[in-house]
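Below is one structure, written out as structure tokens; comments come after it.
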Amino acid sequence: MHDLRKAARSAADLAADHLAGVAENPVWRPVPEADRTWLTRQQLPDGSRPLAELLDEVRNRILPYPMGNGHPRFFGWVNSPPSPAGVLMAPLAAAMNPSCAGGDHTGVLLERTAVRWLAELVGFPHPPGAGLLTSGASMATIVALATARHQAFRDQGHDVRENGLYGHRPLALYVSAEAHSCLRKAAELLGLGTRYLRTVPVDAAFRMDTGELRRLIAADQRAGVRPFFVAASAGTVNTGAVDPMEDIAAIALEYGLWFHIDGAYGALGVLADDAAPDYAGLERADSLALDPHKWLGVPIDAGCILFRDPAGPRDAFSLVPPYLRDENAGELGWFSEYGTEQTRPFRALRVWATIAHLGRDGVVHLVQHTTRLARTLAELIEASDDFELLAPVVTSVTAFRHCPPALDTDRTEALNEVIPAAVQRRGQAFLTGTRISGAAALRACVLHPGTTKDDLTVLLDEIRAAAREVTS
């Protein structure tokens with residue numbers, strides 16, 4: 001225990017020193033060949049190694065080569081820096097190491113509050129038991145879609161848990177052309193098949209076209225395919241677009257569809273300046289996925305799925321073998337009855353601590369700060385003669401293109417395809433590319449509370465410098 005105490009203090013100092021020095025170091029740097037070899041080809045040790053020696057190797061071979069998301073000029077994907085409270089709590093959760101499947105202990109009890117707080121922040125109705133923490137939105141989506149599938153079959157007198165999909169007419173689900181790939185993966189995994197996954201076109205602002213949604217539903221009904229599920233996005237990854245949720249909710253009600261919202265990244269955007277009208281209808285969803293490990297910065301992993309009615313997921317997943325029966329479980333039962341995981345980690349401690357440390361006001365400030373910076377970046381782009389804004393800024397994502405006046409369309413396309421990697425190699429900023437309306441594009445996602453307008457200027461200057469390097 002003495003060795004653990006001493007090493008734990010060293011580890012705490014190492015973590016604090018790493019976080020304190022992130023902004024002064026390159027955002028990203030390649031792993032040298034010697035360290036790459038060590039990382040990937042280590043031999044299994046025969047004997048025990050001292051904890052202090054392991055910490056030295058972490059200090060020298062692992063911490064110097066991060067993904068980059070702790071840096072204020074990291075604008076890639078949707079990866080936030082870790083919250084200080086979450087970092088602080090992670091080893092304490094590991095020290096307790098409970099399984100939060102169920103039982104009468106603090107890990108389970110605290111999860112009730114953490115889930116309720118998330119629901120309150122985004123304004124989603126939350127009956128007791130109608131939500132749980134997951135590894136992320138991918139798992140949350142599987143839980144939601146499986147629940148919707150179970151209900152759709154049950155309404156037709158078919159028990160999908162007993163009989164599977166055999167002998168039943170196809171079910172159709174509807175997602176936007178900008179929807180996250182986790183929806184397709186979930187449909188494939190649950191046996192629904194992508195043949196019946198309908199991609200709904202988007203409008204000029206990259207929001208789901210509800211007229212096209214109606215047309216696709218009607219076509220399926222005529223073809224004998226049963227429409228059962230529609231997923232809206234509350235902040236897409238590509239552009240941050242928020243689908244017209246109020247209109248989609250009305251269509252779902254009219255046709256008897258399960259209404260799901262993918263708010264993994266963007267649900268908290270409802271707290272931004274004047275954003276509430278864009279999020280109208282969110283509270284009408286049957287299920288909502290959101291990721292505390294995105295905008296809130298809870299250390300990975302920490303996702304969440306919320307339901308309007310807790311009976312749905314419990315009907316779909318509850319399976320309690322004799323060795324797990326708990327006469328004291330109460331009305332809500334165990335968390336493991338509401339999803340796929342039986343052994344569940346103590347995610348709630350990091351989620352609770354992050355929100356408690358920030359408070360509602362701090363969460364609102366974080367969302368408003370980052371969304372304002374995304375709009376500022378859009379203003380800088382529109383004021384330039386060598387950048388083009390590609391989509392309205394709704395959340396904290398800015399989608400754009402570098403278009404030097406001297407280049408024709410083909411060369412501009414080729415340039416934007418290679419810019420992200422070139423910027424990353426330079427080490428002063430990090431952004432990622434995508435495709436928007438079929439063309440190569442750049443996207444910057446602002447999530448770091450320490451990012452400033454000066455960092456945005458550096459980003460644009462780095463893009464220009466990287467472009468000169470690859471075209472010279």
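In what follows, residues are counted from 1 in the order of the sequence shown.
Ring centroids of His448 and Phe74 are separated by 6.0 Å or more, keeping the two rings apart. For Trp77 and Phe430, the ring centers are positioned less than 6.0 Å apart.
Considering only heavy atoms from C-beta on, Asn69 stays 4.5 Å or farther from Ser80 through its side chain. Two residues are said to be in side-chain contact when any heavy atoms from C-beta on lie closer than 4.5 Å; Val446 and Arg375 fail this criterion. Using a 4.5 Å cut-off on side-chain heavy atoms (C-beta onward), Thr371 and Trp295 make contact. At a threshold of 4.5 Å between non-hydrogen side-chain atoms, the residues Val202 and Arg207 do not count as touching. Two residues are said to be in side-chain contact when any heavy atoms from C-beta on lie closer than 4.5 Å; Ile463 and Phe400 meet this criterion.
Distance check, rounded to the nearest 0.5 Å: CD of Gln428 to CD of Glu462 gives 5.5 Å. Distance check, rounded to the nearest 0.5 Å: CZ of Phe229 to CZ of Arg198 gives 15.0 Å.
Ser135 approaches Asp301 most closely through the heavy-atom pair O-CB, 3.1 Å. The minimum heavy-atom distance linking Glu111 with Leu133 is given by the pair OE2-N, 2.9 Å. Among all heavy-atom pairs drawn from His357 and Ala85, the shortest one is CB-CB, 3.7 Å.
No hydrogens or angles considered: nothing links the side chains of Ser396 and Thr370 as a donor-acceptor pair under 3.5 Å. A donor atom on one side chain and an acceptor atom on the other are not found under 3.5 Å apart for Thr457 and Asp454. Between the side chains of Tyr338 and Thr147, no donor-acceptor pair of N or O atoms lies under 3.5 Å. A donor and an acceptor atom, one from each side chain of Thr113 and Trp352, are nowhere located under 3.5 Å apart.
Residue-environment remark: CG (Asp408) exceeds the threshold of 12 foreign heavy atoms within 6.0 Å. The environment of CD in Glu331 is sparse: at most 12 heavy-atom neighbours from other residues, nucleotides or ligands sit within 6.0 Å. Heavy atoms from other residues, nucleotides or ligands lying under 6.0 Å from CZ of Arg284 number more than 12.
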Decide yes or no on salt bridge (charged side-chain N to carboxylate O under 4.0 Å, His left out) for Arg372 and Glu379, but give the supporting numbers first. CA-CA 10 Å; Arg372 287 169 185 166; Glu379 291 167 1; over 6 Å; no
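With Leu63 as the partner, the side-chain contact (heavy atoms from CB on, under 4.5 Å) test is satisfied by one option alone out of Asp17, Val22, Leu14: Leu14.
With a 6.0 Å cutoff to the six-membered ring centre and a 45° limit on the axis angle, Arg112 counts as a cation-pi contact of Phe335.
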